[in-house]
Amino acid sequence: MKIQRIPALFALLTLLCMDAAPARAVNKEMVQLQTQVQQLQEQMTAMQSRFDERMGVMNSLVERDTDAVNKISTIIGSLQITLEKQSGDSSGKVEQLSGQIQALNDTLDELKVRLTKVSRQLEDMQAAQQSLAANQAQQQQQQQAMASAPPPDVLYNNAVRDYNAGKNDLASQEFSDYVKFYPNTDLAGNCYFYMGEIEFRQGNYQQAAQSYDQVLQNFPSGNKAASAQLKKGFSLIELGKQEDGVVELRHLIQRYPKSPEAVQARDRLRKLGVSTTARPGD
């Protein structure tokens, strides 16, 4: 009896390991994402601290220059009053005071230029600090969203179930959530394809073509690549861009000549009265 139970036990352990592997992979990916977000937040905090220090220095410079400008303005005003009172004295004294006033005016102009430059730098740093704070807040929101995201297999299966049930709005949102939370997985290509299918059903051919193109550009070796190129061609034809649509269908036939999608492409091209063979340069 013990000998007969060993193979069965071994098979059960094998199945358990197979089931556990995807879960470990998903958990590992989630941990990596959370670690990356945490590192980004730490970098943002350090950058903001450095910005705060520089902002303090800049504020001190602006205040110092402002005080200097105010003091010189006061001195110049006093000299001008004195000059008016001494206007009846010898011309030598008047010229001496006029020279002093001119020198002070020159210094004042120089300080005003410095003050304007520093003020602009301060404004630029304030704008950078605000942008940094906004980015940090966005990162925190993304981390919170990732923490609350359903597991990828659950989210994908729910989306496909609602798609097959004709719940287009709900399915579209679920597919969109999947590519937002798990953009680098193989199933993200499928999600883009199904989003295109929903748009195609609703007659939104421009948006459908864009979703199909996401599959072709980012998941060219995925299992939906042929179907995406077929439907992209159909979408372009529906948009009145027959020449572009024909090019897509011919490329499909060339790349996947024995596929069911190639059969549909040939049939559509024949109905359009055009050749199924790609022209040179297409």
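Counting from 1, the numbers follow the sequence of the chain as shown. Everything numeric in this text was worked out from a predicted model, so none of it was measured.
- Side chain of Ser176 to main chain of Ser172: no donor-acceptor pair is present (N/O by atom type, distance under 3.5 Å, no hydrogens or angles).
- Judged by distance alone, with hydrogens and angles left aside, the side-chain atoms of Arg250 form a donor-acceptor pair with the main-chain N or O of Ser275 at under 3.5 Å.
- Between Arg201 and Tyr163, the side chains place a donor N or O and an acceptor N or O closer than 3.5 Å (distance only, hydrogens not considered).
- Between Phe234 and Phe200, a ring centre-to-centre spacing not shorter than 6.0 Å is recorded.
- The side-chain contact (heavy atoms from CB on, under 4.5 Å) test with Lys241 singles out one residue from Val247, Val246, Leu236, and that residue is Leu236.
- Note: Arg268 CZ to Leu252 CG = 13.0 Å, rounded to the nearest 0.5 Å.
- Using a 4.0 Å cut-off between charged side-chain N and carboxylate O, Lys232 and Glu238 make no salt bridge.
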task = Determine, stepwise, if the pair Arg161 / Asn157 fulfils side chain to side chain contact (heavy atoms under 4.5 Å, CB included).
result = CA-CA 6 Å; Arg161 178 200 61 205; Asn157 290 334; over 6 Å; no
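- Nearest approach of Ala159 to Ala171, heavy atoms of both residues: O-CB, 3.7 Å.
- Interatomic distance, OG of Ser235 versus CD of Gln206, reported as 9.0 Å (0.5 Å rounding).
- Asp213 and Tyr192 share no donor-acceptor pair across their side chains, judged by distance under 3.5 Å alone.
- Contact annotation: the side chain of Ile237 approaches that of Leu249 to within less than 4.5 Å [non-hydrogen atoms, C-beta and beyond].
- Atom CG of Asp186 sits in a sparse spot, with 12 or fewer heavy atoms from other residues, nucleotides or ligands closer than 6.0 Å.
- None of Glu261, Glu197, Gln264 except one satisfies the side chain to side chain donor-acceptor pair (under 3.5 Å) rule with Ser227; the exception is Glu261.
- For the residue pair Ser211 and Tyr194, no side-chain donor N or O sits within less than 3.5 Å of a side-chain acceptor on the partner.
- Residue Asp153 holds its CG atom at 8.0 Å from OH of Tyr178, rounded to the nearest 0.5 Å.
- Look at Arg120 and Asp124 and you find no salt bridge, because none of the NZ, NE, NH1 or NH2 atoms lies under 4.0 Å from a carboxylate O.
- Residues Leu216 and Phe193 are members of separate hydrophobic clusters, defined by side-chain heavy-atom contacts under 4.5 angstrom among Ile, Leu, Val, Met, Phe, Trp and Tyr.
- In this structure, OH on Tyr156 lies 5.0 Å from CG on Leu187, to the nearest 0.5 angstrom.
- In this structure, Leu269 and Ile253 have side chains that are in contact, with non-hydrogen atoms separated by less than 4.5 Å.
- Across every non-hydrogen atom of Val179 and Ala188, the tightest pair is CG1-O, 3.7 Å.
- To the nearest 0.5 Å, atom OG1 of residue Thr276 and atom CG of residue Asp267 are 11.5 Å apart.
- Using a 4.5 Å heavy-atom cutoff, the side chains of Val154 and Pro151 are in contact.
- For CG of Asp169, the number of neighbouring non-hydrogen atoms (other residues, nucleotides, ligands) closer than 6.0 Å is 12 at most.
- Between Asp244 and Glu248, the closest side-chain pair of non-hydrogen atoms is not below 4.5 Å.
- Cluster annotation: Val263 is not connected to Leu272 through the hydrophobic network of ILVMFWY side chains, with a link wherever side-chain heavy atoms come within less than 4.5 Å.
- Atoms CG and CD, on Asn168 and Gln173 in that order, are 13.0 Å from each other to the nearest 0.5 Å.
- Contact of the Arg255 side chain with the Gln229 side chain is registered, since non-hydrogen atoms from C-beta on lie closer than 4.5 Å.
- A heavy-atom distance below 4.5 Å is not found between the side chains of Pro152 and Phe181.
- For the pair Val160 and Phe175, the minimum side-chain heavy-atom distance is below 4.5 Å.
- Judged by distance alone, the side chain of Thr185 and the main-chain N or O of Tyr182 form a donor-acceptor pair under 3.5 Å.
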